[in-house]
Asks: 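Here it is: the structure, laid out below.
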There are 2 protein chains.
Amino acid sequence: MIHLDYRDSRPIYQQVKDNLRRMMVTGVLNAGDKLPSVRALASQLSINPNTIQRAYAELEAEGYVVSVTGKGNFVAEGDTQNQARRQELLAKMRPMMEELKALGMTAEEFAVLWEGGKDDAASK
Amino acid sequence: MIHLDYRDSRPIYQQVKDNLRRMMVTGVLNAGDKLPSVRALASQLSINPNTIQRAYAELEAEGYVVSVTGKGNFVAEGDTQNQARRQELLAKMRPMMEELKALGMTAEEFAVLWEGGKDDAASK
DNA sequence: ATAAGTGTATTAACACGATTAATACACTTC
DNA sequence: GAAGTGTATTAATCGTGTTAATACACTTAT
């Protein structure tokens, strides 16, 4: 079941996306399952259908969902999901890694980081 | 010399930051050098002193600059610069790496990525 | 074929946050 | 104490992201 939190600063469509993604990853929803129609889900959550549409569209772009005009939205195959999501994350990380290289970071340091690097998080 | 481009969508303070950082990294400015005062630089670029102040403040937070009230802003030591910039980048990357782990990405795959991974960039 | 369901596209209103400005305060040096 | 420096606070402004309103296109079943 999807639950929205209006005190959360994150946009609605993002909350919907995360809810659905979690349900798909955890097996609450399985490949091939039909998702609620944009209007049905919008009505159920008392929000605009376009907001659901946006969530579905982005999930499709990420490979989690397959949309078919006139029929509905369906959960994509698991492998497809992972592949697409990986590409997305890696695309974001690549430029940062380039700069880290330029700053002299070594492959060894990076390997350590992948494990569970203990650093002070100096986020602004 | 700092040059601003008002057709650029990036904010002024960001352009100032990048200009200064580049000058420091390329050796046009060296550790210990005194930077122009916030008012002087603002006047020279015909912008508000607060904008320069913000640029300097963020560069200081990133370890590139040291500010001393009443005296001025100075270029920090090179090592400090790198350390701070690394921390910043790693802080951004960490959550992404966490998700990649959850998606089943292995240390080996990641090591390859560090080298020069050949992928299609599926940026939306 | 037509109605009722589905997803999609376009446009506009709205709100919030980032950016910049205005102004006053605090410190250092001469 | 005057003239330089950085700092803090507040407010105005402007963009952009988010959501809504509405119309369009496709599929299925009656």
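Quick note: numbers below take in every heavy atom, side chains included, and nothing from hydrogens, waters or symmetry partners. To find a chain, count down the sequence lines: A is the first, B the second, and so on, and within it residues start at 1.
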Asks: Given atom OH of B:Y6 and atom C1' of C:dT19, what is their separation to the nearest angstrom?
Replies: 12 Å
Asks: Do B:Q15 side-chain atoms and B:D5 backbone N/O form a donor-acceptor pair below 3.5 Å?
Replies: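 Yes; judged by distance alone, with no hydrogens or angles, the pair exists.
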Asks: For the backbone of A:A84 and the side chain of A:E62, can you confirm whether one donor and one acceptor N or O come within less than 3.5 Å of each other?
Replies: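 No, the answer is negative, given that no donor and acceptor are paired below the 3.5 Å cut-off.
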Asks: Side chains of A:N19 and A:R22: donor-acceptor distance under 3.5 Å anywhere?
Replies: yes
Asks: How does each nucleotide of nucleotides 6-13 of chain C score, in 5' to 3' order, for protein heavy atoms under 4.0 Å: base (B), sugar-phosphate only (S), or none (-)?
Replies: BBBBB---
Asks: Rounded to the nearest angstrom, tell me the gap between atom CZ in B:R10 and atom C1' in C:dT20.
Replies: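 That distance rounds to 17 Å.
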Asks: Just how far, in rounded Å, is C1' of C:dG17 from CD of B:Q14?
Replies: 16 Å
Asks: Check the distance between C:dT19's C1' and B:L45's CG and give it to me in whole angstrom.
Replies: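 Rounded to whole Å, this separation is 16 Å.
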Asks: Nearest whole Å is fine: how far is C:dC14 P from A:I47 CD1?
Replies: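 Those two atoms, CD1 and P, are 19 Å apart.
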Asks: Would you mind writing out the side-chain donor-acceptor pairs for residues 68-78 of chain A within the sub-3.5 Å range, not counting sequence neighbours?
Replies:
from: A:N73; atom 1: OD1; to: A:S67; atom 2: OG; distance (Å): 2.2

Asks: Provide, to the nearest angstrom, the distance between the CG atom belonging to B:N48 and the P atom belonging to C:dA18.
Replies: 19 Å
Asks: If two hydrophobic side chains count as joined below 4.5 Å and joins carry through other members, does B:Y64 share a cluster with B:L89?
Replies: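 In one cluster: no.
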Asks: Please round to the nearest 0.5 Å and tell me the distance separating atom CZ of B:R21 and atom OG1 of B:T26.
Replies: 12.5 Å
Asks: Would you kindly give the OH-to-C1' distance between A:Y13 and D:dA20, to the nearest whole Å?
Replies: 15 Å
Asks: Give a yes/no answer on whether the side chain of B:T51 brings an N or O atom under 4.0 Å of OP1 or OP2 in C:dT19.
Replies: no
Asks: Is A:R54 near enough to D:dT18 that one of its side-chain N or O atoms lies under 4.0 angstrom from OP1 or OP2?
Replies: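 Yes, because at least one side-chain N or O of A:R54 sits under 4.0 Å from OP1 or OP2 of D:dT18.
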